[in-house]
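One structure is given here, and the rest of the page talks about it.
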Amino acid sequence: HLGIGASLAFSLTGNAFVFLQTNNAKASTMRFAASIKPKLAPYFGLYYGTGDTEPSDVTAPTEGEAFSGGLVVRLPVSYGNVLDLLSGANAFGDFAALDFGFTARAAMFYDPLTVELGFSLKHSETFRTYVQADYQDWYNFEAPALNITNPEITNCGDSGGGSCTGIQIQPSDNPIRPARDIVVGRAGEEITIGENTFRVGYSFRPGIFRGDNSGAGNSLDPDRHSVNLGWGRVFPHFLGFETPFRLDLNFQYQKLISQTVTKTSGDETGNLAENKIGSPGYSAGGELWGGGMSVSLAF
């Protein structure tokens, strides 16, 4: 079987110009414009099954497969926000204006290039094993950033020969922690006893960031262990109708690997008299709990 789909996202770009007046007799001004563009990321899937036996119920169409395998490729897509702002300020009476601009970029969500390969093997009437590996390309992840561009001071002196001194705008220094590609491993077992199906699964997902947080920045994505438990059963009637349906329940526990961060001396600009955000250090980790329910109808 071959499957083709697409993920739809949007990119929002805004442009703004702001001029601030300190003179009460003059009005400040602001102009703003925005545009939105759609983005489409296709994904493709292949599925193969042996079809050795007939499924016992139409709500479990893969039950008859002694062996099945699948491959899915998802192209990257992100919902990005970009703001380009040009700002001017009449900060010193009528003779000096400070002009500067900045670009702010943020990814509301980001799905990397992903390749998923998995298979299942039914080795008895009771047991079926699932194994899957996901490759995720996080190396090209674009982290949110704020960049100050073209800072300058203009209109200094009535004759243009004045000098604007004592005002400096430091260039941008975004503490972006580099990302890396990761491989996520998953394994599970499905046990069928009578009308009931019990499931247990485990996965390990490494963090996407390289290095540590001892320097500037505090980007966190710890390694994660996940354990899933599930139960499912097929019922012959749905709300009084002669329609079989499957009810599935699942429970998930995630353990975030603890890590201890010790900050180096100085602040983010290298000033040894100040401290970085998060100094002198901290510990990170924790646990996540979740669950879900699904109902599948057969027509």
Side-chain angles (χ1 to χ4, degrees), residues 1-7 41-53 55-57 59-78 109-141 179-193 196-209 221-233 246-257 287-296:
H1 304 272
L2 170 65
I4 301 175
S7 179
Y43 52 88
F44 310 92
L46 291 173
Y47 172 81
Y48 168 80
T50 57
D52 294 338
T53 60
S56 61
D57 192 273
T59 56
T62 63
E63 187 177 315
E65 308 284 359
F67 173 84
S68 62
L71 173 67
V72 176
V73 178
R74 304 175 186 270
L75 298 188
V77 64
S78 65
F109 70 81
Y110 177 81
D111 288 333
L113 169 67
T114 303
V115 180
E116 304 172 354
L117 177 64
F119 68 87
S120 72
L121 177 65
K122 186 175 183 178
H123 40 87
S124 72
E125 292 299 320
T126 303
F127 297 97
R128 178 186 289 272
T129 300
Y130 295 85
V131 177
Q132 180 175 319
D134 301 349
Y135 167 78
Q136 300 178 3
D137 177 20
W138 286 98
Y139 179 80
N140 295 313
F141 171 64
R180 63 180 179 179
D181 297 348
I182 64 173
V183 176
V184 181
R186 313 176 194 270
E189 188 73 18
E190 189 175 76
I191 305 170
T192 302
I193 302 176
N196 299 285
T197 301
F198 302 92
R199 305 178 181 93
V200 59
Y202 167 79
S203 69
F204 174 74
R205 180 189 183 278
I208 67 171
F209 293 116
D221 185 39
D223 298 344
R224 181 180 307 173
H225 297 279
S226 299
V227 177
N228 287 72
L229 299 176
W231 167 84
R233 180 170 178 168
R246 173 180 287 274
L247 175 65
D248 291 288
L249 305 177
N250 71 84
F251 167 80
Q252 184 181 80
Y253 167 77
Q254 297 185 19
K255 174 63 177 179
L256 309 182
I257 303 301
E287 299 174 339
L288 297 174
W289 304 78
M293 178 183 71
S294 66
V295 177
S296 304

**Prompt:** When rounded to the nearest 0.5 angstrom, what is the spacing between CZ in Arg128 and NZ in Lys122?
**Reply:** 6.0 Å

**Request:** Please list all pairs passing the salt bridge (Lys or Arg N to Asp or Glu O under 4.0 Å) test where one or both residues lie in residues 180-189, with sequence neighbours left out.
**Result:** Asp134-Arg186

**Complete:** Scanning both residues in full, the closest heavy-atom pair of Pro76 with Tyr110 reads CB-OH, 4.4 Å

**Asked** Can you tell if the side chain of Val227 reaches within under 4.5 Å of the side chain of Gln252, non-hydrogen atoms only?
**Response** no

**Message:** In the structure I gave you, are the side-chain heavy atoms of Ile182 and Trp138 within less than 4.5 Å of one another anywhere?
**Reply:** yes

**Request:** To the nearest 0.5 Å, tell me how far Thr114 OG1 sits from Asp137 CG.
**Result:** 8.5 Å

**Message:** Please verify the inter-ring angle class for Trp289 with Phe251; under 30° counts as parallel, over 60° as perpendicular, anything in between as tilted.
**Reply:** tilted

**Request:** Measure the OH-CZ distance between Tyr48 and Phe119 for me, rounded to the nearest 0.5 Å.
**Result:** 14.0 Å

**Request:** Mind running side-chain contact (heavy atoms from CB on, under 4.5 Å) on Val77 and Tyr43 for me, showing each step along the way?
**Result:** CA-CA 11 Å; Val77 64; Tyr43 52 88; over 6 Å; no

**Item:** Flag side-chain contact, heavy atom, 4.5 Å: Leu2 against Tyr47
**Value:** no

**Prompt:** Side chain of Asn196, backbone of Arg233: donor and acceptor closer than 3.5 Å?
**Reply:** no

**Asked** Where do Asp221 and Ile208 come nearest, in terms of heavy atoms and distance?
**Response** OD2-N, 2.9 Å

**Message:** Set out, in order, the CA-CA distance, both residues' side-chain angles and the distance that settles side-chain contact (heavy atoms from CB on, under 4.5 Å) for Tyr202 and Asn228, then state yes or no.
**Reply:** CA-CA 6 Å; Tyr202 167 79; Asn228 287 72; over 6 Å; no

**Complete:** Rounded to the nearest 0.5 angstrom, the CZ-CZ distance for Phe141 and Phe209 is 5.5 Å

**Asked** Among Asp248, Thr192, Asn250, which one satisfies side-chain contact (heavy atoms from CB on, under 4.5 Å) with Arg199?
**Response** Asp248

**Message:** Testing the basics here: between Val183 and Pro206, what is the closest heavy-atom pair and its distance to 0.1 Å?
**Reply:** O-CD, 3.4 Å

**Message:** Let's go through Arg74 and Glu116 carefully: what are the C-alpha distance in whole Å and the side-chain angles of both, what is the deciding distance for salt bridge (Lys or Arg N to Asp or Glu O under 4.0 Å) to 0.1 Å, and is it a yes or a no?
**Reply:** CA-CA 8 Å; Arg74 304 175 186 270; Glu116 304 172 354; 3.5 Å; yes

**Message:** Applying side-chain contact (heavy atoms from CB on, under 4.5 Å) to Ile191 and Thr126, what does each step give before you reach the verdict?
**Reply:** CA-CA 5 Å; Ile191 305 170; Thr126 303; 3.7 Å; yes

**Prompt:** Mind checking whether Arg246 and Thr197 have side chains closer than 4.5 Å, heavy atoms only?
**Reply:** yes

**Complete:** Asp111 meets the salt bridge (charged side-chain N to carboxylate O under 4.0 Å, His left out) criterion, sequence neighbours left out, with none

**Request:** Take Gln136 and Val184, measure what side-chain contact (heavy atoms from CB on, under 4.5 Å) needs, and give me the verdict at the end.
**Result:** CA-CA 8 Å; Gln136 300 178 3; Val184 181; 3.8 Å; yes

**Fill in**
Between the CD atom in Gln254 and the OG atom in Ser203, the distance rounded to the nearest 0.5 Å is 7.0 Å

**Request:** Report the distance from atom CG of Leu46 to atom NE2 of His1, rounding to the nearest 0.5 Å.
**Result:** 11.0 Å

